[in-house]
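The figures here come from the full heavy-atom set of this structure, side chains too, leaving out hydrogens, waters and symmetry mates.
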Amino acid sequence: MDDQTRMLTGLTGLGGLAQADVGDPDSVRKQQSLGQPQQDIGDILQQIMAITDESLDEAQARKHALNCHRMKPALFSVLCEIKEKTVLSIRGVQEEDPPDPQIMRLDNMLLAEGVSGPEKGGGSAAAAAAAAAAGGSPTDSSIEHSDYRAKLAQIRQIYHSELEKYEQACSEFTNHVMNLLREQSRTRPISPKEIERMVAIIHRKFSSIQMQLKQSTCEAVMILRSRFLDARRKRRNFNKQATEVLNEYFYSHLSNPYPSEEAKEELAKKCGITVSQVSNWFGNKRIRYKKNIGKFQEEANLYAVKTAVDAANVSAQAMYCFLSIFVFQLHPYK
DNA sequence: CCCTATGATTGTCC
DNA sequence: GGACAATCATAGGG
């Protein structure tokens, strides 16, 4: 049982006492006489304990009786005071929550993606950014571009309608609770401060729901982005010459196929691809070669022969030169 | 249409 | 931050 419920139960219990008192003016005098305070407290406790067994109607009647009781205002203020001292002082301090970093991240992302921002600029800007990031030419991406925009708009629309629903539900619920508390504050010791805090609690609850909405919207946008922007979807094989250059390097450095940063740049330039593409290529090549050396044997031989021939060409020239000199030395002036 | 090749991404490890 | 391993998604050949 929480504090408030306990307080309510206690008061309705007193209401029961009050009802009995109203019916019998003598009992007030009896109660006020110093002779039987123990007895009275016993009665009150008895009734408090009994209240949970009563029906709603009975409780209502007791509440009404309490409201009419002449001691009620005094009792009420005492209860308020006690409550203020205990409950509020314990819990009333650690409020004022700072802005949640998680929700701020989500907000920023939704804004950046054009979901939560102003209607027009955001979405198309994001789509344009998307197209640019994808590296596609404006013409060939225009179909996907508009598709992307349409899907984003759909997400946006769902997001806003859900948000509106949540906000409406939140304010409806808040109003309902506030009215209820105001109504009850006529019988229970509820201060305005407490109502305020209850509203804050409700808002926190609803904002956690809102966060879930934001979270799932972000996920949807990420999925959409990945569907449209994932470079794997736009993969093109490198041209033959580029593959040749890369393979030549790979097989001629088979004992240590790790090109330096400079070598990568050189290869990238030769092949007309980016350095990271070179890195990807070597990463893929190394792992795939290692996994199945047999499969690559033929290719390896091919490039080995190729480089051998190249080397031979060079050495043949050298050899010819050397031999010429040698022969010249053997047979000068011949 | 299925299967393999291949470029890119993601997550993990050092 | 790079290497690696697993995986994705498409290209391309039969």
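Here A/Lys285 lies out of heavy-atom contact (under 4.0 Å) with every strand.
Between A/Glu172 and A/Gln168 the shortest side-chain heavy-atom distance falls below 4.5 Å. Side-chain contact between A/Ile195 and A/Ile190: present, with at least one pair of heavy atoms (C-beta onward) separated by less than 4.5 Å.
When each of A/Lys295 and A/Val278 is assigned the nucleotide of DNA chain B with its nearest heavy atom, A/Lys295 is the one assigned upstream, toward the 5' end.
From the 5' end on, the contacts that DNA chain B makes with chain A at under 4.0 Å to a non-hydrogen atom open and close at B/dA5 to B/dT9.
If you run ring-ring contact (aromatic ring centres under 6.0 Å, His included) between A/Phe250 and each of A/Tyr289, A/Tyr303, A/Tyr258, only A/Tyr289 comes through. When A/Val275, A/Val245, A/Ile273 are each tested for a side-chain contact (heavy atoms from CB on, under 4.5 Å) with A/Leu267, only one passes: A/Val245.
A salt bridge links A/Lys165 with A/Glu162; the closest basic N to acidic carboxylate O contact falls under 4.0 Å. Note on A/Glu248 versus A/Lys270: no salt bridge recorded, every NZ/NE/NH1/NH2 to OD/OE distance being 4.0 Å or above.
Listed by first and then second residue, the ring-ring contact (aromatic ring centres under 6.0 Å, His included) pairs that reach into residues 263-284 of chain A are A/Tyr249-A/Phe282, sequence neighbours excluded.
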**Asked** Using a cut-off of 4.0 Å between protein heavy atoms and nucleotide atoms, how would you tag nucleotides 1-14 of chain C 5' to 3' with B, S and -?
**Response** --SSSSBBBBSS--

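Follow the hydrophobic side-chain contacts under 4.5 Å out from A/Tyr251 and you reach A/Phe238 in the same cluster.
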